[in-house]
Amino acid sequence: SLFEFQRAAAETAQQAKAYFAAGDYERAESLFSILLQDEAAADRLAHYCNRSACRLKLGHHDDAAADARVALEISPDAVKAHFRLASALVERAERCSGAEGSGRRAEAAAACSAALALHPGHAQLLALAARCAEEGTSAPAAESAAPPAPTAGDGDNGGVAEEDYA
């Protein structure tokens, strides 16, 4: 029945979040990918944002950015999607040099600006925007300078802080 299918999907989403919380990003990514096979799923926005977070943790920055872009197609005002996109682009930019790095950094800054327009004054977004503004960084930023790591969320679009996640 439809009810059983929806219940199974909810249980799968909870398991994916548990894997993420335990640091098993590959399993979490796999489960979010399974959930995204259902094109009628009500939580597609959350699943794309969460899979993007998994991919960020795995260092798959281009895939993380692609998921964030799909999430933004679903909901252009999704703060978490803007944050995921900017995070992925900043991480990638910090590993690139020359024009490619500058282009990705500019795109990341635009994603940060869009997110800050929706959620002004948000500390993580401001920290990420500061990273976007840094010029000439070709090595990964120090861990202490990075905003808190992305977490698999509950799908709300209110913010990106860890306390917003289930």
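For Ala71 against Ala81, the heavy-atom pair with the smallest separation is CB-CB, 3.6 Å. Nearest heavy atoms, Ala65 versus Ala88: N-CB, 3.7 Å. Taking each heavy atom of Leu116 and Gly121 in turn, the nearest pair found is CD2-N, 4.2 Å.
Atoms NE2 and NE2, on His82 and His119 in that order, are 13.0 Å from each other to the nearest 0.5 Å. The line from CG of Asp43 to CZ of Phe32 is 10.0 Å long, rounded to the nearest 0.5 Å. Remark: Leu118 CG to Ser113 OG distance equals 11.0 Å, nearest 0.5 Å. Once rounded to the nearest 0.5 Å, the distance linking CG of Leu85 with OG of Ser52 reads 8.0 Å. In this structure, SG on Cys132 lies 8.5 Å from CD on Glu94, to the nearest 0.5 angstrom. Atom CG of Asn50 sits about 10.0 Å away from atom CG of Asp67, to the nearest 0.5 Å.
In this structure Thr12 satisfies the side-chain contact (heavy atoms from CB on, under 4.5 Å) test together with Leu31, Leu35, sequence neighbours excluded. Applying the salt bridge (charged side-chain N to carboxylate O under 4.0 Å, His left out) test to Glu11 and every residue at least two apart in sequence or in another chain returns Arg7. When the salt bridge (charged side-chain N to carboxylate O under 4.0 Å, His left out) test is applied to Asp24, the partners found at least two apart in sequence or on another chain are Arg27. Take Tyr19 and apply the ring pair (Phe, Tyr, Trp, His ring centres under 6.0 Å) test, not counting sequence neighbours, and it matches no residue. Here Ile74 pairs with Arg44, Leu45, Tyr48, Val70 under the side-chain contact (heavy atoms from CB on, under 4.5 Å) rule; sequence neighbours left out. In this structure Ser33 satisfies the side-chain contact (heavy atoms from CB on, under 4.5 Å) test together with Glu29, Arg51, Arg55, sequence neighbours excluded. Listed by chain and residue number, nothing satisfies the side chain to side chain donor-acceptor pair (under 3.5 Å) test with Asp38 (two or more places apart in sequence, or in another chain). Under the side-chain contact (heavy atoms from CB on, under 4.5 Å) criterion, Gln6 pairs with Leu2, not counting sequence neighbours.
Inter-residue side-chain proximity for Arg105 and Leu89 is flagged as unmet; no heavy-atom pair is nearer than 4.5 Å. Side chains of Leu125 and Val79 form a contact here, defined as non-hydrogen atoms less than 4.5 Å apart.
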Practice problem: May I have the step-by-step check of salt bridge (Lys or Arg N to Asp or Glu O under 4.0 Å) for Arg92 and Glu107, ending in yes or no? | Solution: CA-CA 11 Å; Arg92 183 72 172 114; Glu107 190 177 1; over 6 Å; no

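The aromatic rings of Phe20 and Tyr25 sit perpendicular to each other, their planes meeting at more than 60°, with 30° as the lower class boundary.
The environment of Glu26 atom CD is sparse: at most 12 non-hydrogen atoms of other residues, nucleotides or ligands sit within 6.0 angstrom.
Of the possible polar contacts, one joining the Arg95 side chain to the Glu91 backbone as a donor-acceptor pair under 3.5 Å is found. A donor-acceptor distance shorter than 3.5 angstrom exists from the side chain of Arg84 to the backbone of Cys49, with no hydrogens or angles considered.
Note: the hydrophobic cluster containing Leu36 does not contain Ile34 (ILVMFWY, side chain heavy atoms under 4.5 Å, direct or indirect links).
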